[in-house]
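Note that ligands are numbered from 1 as they come in the structure, with each ligand's atoms numbered from 1 the same way. This one's a predicted model, so the numbers in the text were calculated from it and none came from an experiment.
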Amino acid sequence: MRISVIGCGYLGAVHAACMADLGHDVVGIDVDAGKVALLNDGIPPFFEPGMPGLLTSGLSSGRLIFTTDISAAADCEVHFLAVGTPQRKNENAADLRFVDSAVENLLPYLGPGALVVGKSTVPVGTAARLNARIHEISPGTSLIWNPEFLREGFAVADTLSPDRLVYGLEPGNDAAVHILDEIYAAALGAGTPRITTDFATSELVKVAANAFLATKISFINAMAEVCEVSGADVVELADAIGHDSRIGRRFLNAGLGFGGGCLPKDIRAFMARAGELGADQALTFLREVDSINMRRRSRTIDLAREVCGGSLLGKRIAVLGLAFKPNSDDVRDSPALSVAAQLQLQGASVVATDPKAVENSAKRFPELVFSDSLEDAVRDADAIMLLTEWQQYVDLDPYELANLVAAPIIVDGRNCLDPGKWRSAGWTYRALGRP
Ligand code: UDX
């Protein structure tokens with residue numbers, strides 16, 4: 001298939017590289033000339049395991065190319081919309097500017113039999129609106145809404161072997177289904193379930209899934225709050241309830257909470273859209289999910305103050321981890337970066353490190369001190385804050401580390417260390433939701 005992918009951010013760049021890997025001819029189109037140049041040089045503009053190899057092999061096979069010129073879409077049979085839908089400034093709702101302009105710019109190049117496939121996360125109702133607009137200008141073109149569920153850090157695997165494929169479309173559009181099935185033939189052949197439904201349901205599948213995941217994390221973090229006042233242990237609680245297969249242990253890791261470019265903005269946009277549709281009461285619980293999540297950041301700062309003897313003023317604090325989760329350099333709405341910045345604002349002298357996210361963090365908070373070296377970050381620290389559970393931090397040797405710091409005090413913001421091991425090595429160990 002000849003495919004265009006419009007928008008080469010996280011979603012689009014990975015999708016384009018994966019489609020080329022499957023044997024399709026792909027052109028990735030983006031308005032950002034710098035990003036396009038990097039991608040054409042085989043350099044992903046973000047850290048994602050597996051992407052450099054996939055890009056290089058796609059480019060050298062001749063099946064993958066990136067451009068800023070939308071007219072390159074003219075030769076393609078299928079067009080994936082993969083542009084961002086960020087949160088609007090000072091509002092909860094999603095900003096659809098990029099989706100709308102992608103469709104408008106694509107319209108002149110659509111011919112009879114073309115298929116547009118929407119992958120961006122959009123408020124329910126968007127696909128029907130775009131479908132009407134496409135039909136106005138190009139009656140022979142079809143639209144399928146095909147939400148993407150990829151996780152950063154696993155984006156390549158999630159794209160090539162998704163849990164499920166969801167197609168939202170107008171009833172009876174079998175020709176369009178047939179084309180998309182051909183594109184995803186490998187995944188379908190491997191038994192990936194495919195759900196065909198209407199536009200609205202397909203849009204809701206995505207935001208409902210993210211709302212559920214956010215709720216699951218905030219549920220266990222609410223339990224952590226109760227554990228903190230009752231002397232209970234939230235990790236043991238999560239292990240115990242997680243054995244119930246109806247509940248499941250995944251996404252029950254209590255700690256600093258969720259961040260990133262998706263969950264926070266998606267639950268807010270979902271609330272805003274439900275409000276517009278007159279169903280705001282149905283989602284008021286998501287406001288609480290958001291509040292619980294934000295309270296974890298404040299609690300972590302309180303813990304830091306506590307272990308520093310009641311005041312952060314002049315204390316040397318080492319922050320380990322800035323990315324919103326391990327195996328990512330993404331600091332969008334990162335709980336770790338937000339805590340690091342707050343500690344500094346409250347008078348601590350922070351040195352922060354991360355295996356991949358220092359550069360992106362420094363762009364957002366240039367006033368923080370960063371180091372690429374873990375040793376430099378922890379040297380003479382009055383306390384260590386572990387805020388993103390990178391494997392190299394989980395594997396740290398408490399005895400070796402004790403030789404570098406001013407005081408052996410650690411706050412485990414991700415409940416990823418063994419408290420017994422650290423305490424027996426002489427450390428004061430504190431965590432969220434644990435005695
Ligand atoms: C998420 C969804 O998982 C994915 O399906 C969707 O397509 C995009 O949004 P992603 O943003 O990559 O993916 O991150 P995810 O792995 O879901 O983690 C989100 C946040 O939740 C991270 O900050 C992570 O640290 C936090 N988290 C996750 C917890 O605090 N506890 C958990 O148990 C799991």
Side-chain angles (χ1 to χ4, degrees), residues 9-12 14-15 46-49 82 84-87 94 119-122 146-159 161-166 202-203 205-224 234-235 237-239 241-242 247-270 289-290 292-297 299-300 321-339 354 357 386-391 393-394 412-416 431-433:
Y10 221 104
L11 165 60
V14 173
H15 195 71
F46 45 79
F47 172 74
E48 180 63 38
T85 51
Q87 189 173 338
K119 295 206 77 69
S120 308
T121 301
V122 292
N146 169 226
E148 180 57 58
F149 305 97
L150 65 80
R151 298 160 297 165
E152 295 189 17
F154 301 91
V156 172
D158 284 351
T159 304
S161 319
D163 288 335
R164 74 291 209 189
L165 288 162
V166 176
S202 67
E203 294 165 311
V205 170
K206 171 64 195 240
V207 281
N210 276 355
F212 189 89
L213 294 171
T215 304
K216 199 168 178 189
I217 299 168
S218 277
F219 172 82
I220 200 64
N221 282 332
M223 294 305 109
V234 74
V235 176
L237 175 79
D239 289 343
I241 63 172
I247 296 172
R249 181 63 177 81
R250 293 178 72 190
F251 267 68
L252 275 187
N253 294 326
L256 196 42
F258 60 82
C262 291
L263 296 191
K265 73 143 174 94
D266 285 353
I267 62 168
R268 291 173 195 149
F270 196 14
V289 165
D290 207 352
I292 294 166
N293 193 49
M294 289 303 176
R295 282 206 295 274
R296 291 289 78 188
R297 302 181 187 187
R299 171 69 186 153
T300 305
L322 294 161
F324 85 105
K325 69 175 194 181
N327 300 312
S328 170
D329 63 356
D330 197 343
V331 295
R332 285 176 293 169
D333 205 347
S334 167
L337 182 56
S338 133
V339 166
D354 187 283
L386 201 172
L387 304 182
T388 311
E389 69 279 32
W390 286 90
Q391 194 59 44
Y393 300 156
V394 177
D412 178 2
R414 290 292 179 182
N415 282 314
C416 60
L432 295 157

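- Atom 12 (O) of ligand 1 has Glu152 N, 2.7 Å as its closest protein atom, hydrogens excluded (heavy atom only).
- The distance from ligand 1 to the heavy atoms of Leu252 drops below 4.0 Å at these ligand atoms: 33 (O).
- Of all atoms in ligand 1, listed by their number and element, those nearer than 4.0 Å to a heavy atom of Arg151 are 3 (O), 12 (O), 13 (O).
- Compare Asn221, Ile220, Ile217 by their heavy atoms: the one nearest to atom 29 (C) of ligand 1 is in Ile217.
- Contact check for Asn327 versus Gln391: no side-chain heavy atoms found under the 4.5 Å cut-off.
- For the ligand labelled ligand 1, residue Arg414 lies inside the 4.0 Å heavy-atom shell.
- Atom CZ of Phe46 sits in a crowded spot, with more than 12 heavy atoms from other residues, nucleotides or ligands closer than 6.0 Å.
- By the 4.5 Å heavy-atom criterion applied to side chains, Val394 and Arg414 are not counted as neighbours.
- For the atom pair Thr388 OG1 and Tyr393 OH, the distance stands at 7.5 Å (nearest 0.5 Å).
- Taken to the nearest 0.5 Å, the CZ atom of Arg297 stands 11.0 Å off from the CG atom of Leu387.
- Not a single heavy atom of Gly255 sits under 4.0 Å from any atom of ligand 1.
- Residue Glu148 has at least one heavy-atom neighbour below 4.0 Å for each of these atoms of ligand 1: 7 (O).
- The protein atom (non-hydrogen) at minimum distance from atom 5 (O) of ligand 1 is Phe149 O, 2.8 Å.
- Shortest contact from atom 9 (O) of ligand 1 to any protein heavy atom: Cys262 CB, 3.2 Å.
- Among all protein heavy atoms, the one lying closest to atom 26 (C) of ligand 1 is Phe258 CA, 3.8 Å.
- Between Leu256 and the choices Asn415, Asp412, Val339, the side chain to side chain contact (heavy atoms under 4.5 Å, CB included) rule is met once, by Val339.
- The ligand atoms of ligand 1 that sit less than 4.0 angstrom from a heavy atom of Gly257 are 23 (O), 26 (C), 30 (O).
- Leu263 is listed as a side-chain neighbour of Ile217, based on a closest heavy-atom distance under 4.5 Å.
- Remark: Glu148 CD to His15 NE2 distance equals 7.0 Å, nearest 0.5 Å.
- Using a 4.0 Å heavy-atom cutoff, Lys206 is listed among the residues neighbouring ligand 1.
- Of the protein's non-hydrogen atoms, Leu263 CD1, 3.7 Å is the one closest to atom 19 (C) of ligand 1.
- Residue contacts with ligand 1: Leu213 is placed with no nitrogen or oxygen under 3.5 Å of a nitrogen or oxygen of the ligand (distance criterion only).
- Contacts of Arg250 with ligand 1, taken as heavy-atom pairs under 4.0 Å, are absent altogether.
- Here the protein heavy atom with the shortest distance to atom 10 (P) of ligand 1 is Lys325 NZ, 3.8 Å.
- Between Asn253 and Ile220, the closest side-chain pair of non-hydrogen atoms is not below 4.5 Å.
- Comparing Tyr10, Phe154, Phe324 by heavy-atom distance to atom 23 (O) of ligand 1, the nearest is Phe324.
- The only member of Leu213, Asn210, Asp333, Ile267 that meets side chain to side chain contact (heavy atoms under 4.5 Å, CB included) when paired with Cys262 is Asn210.
- When hydrogens are left out, the protein atom nearest atom 7 (O) of ligand 1 is Leu150 O, 2.9 Å; that is the closest non-hydrogen contact.
- With respect to the salt-bridge test (charged N to carboxylate O, under 4.0 angstrom), the residues Asp163 and Arg151 do not qualify.
- Taking 4.5 Å as the limit, every side-chain heavy atom of Asn221 sits out of range of all side-chain heavy atoms of Phe258.
- With respect to atom 2 (C) of ligand 1, the closest heavy atom belonging to the protein is Asn210 OD1, 3.6 Å.
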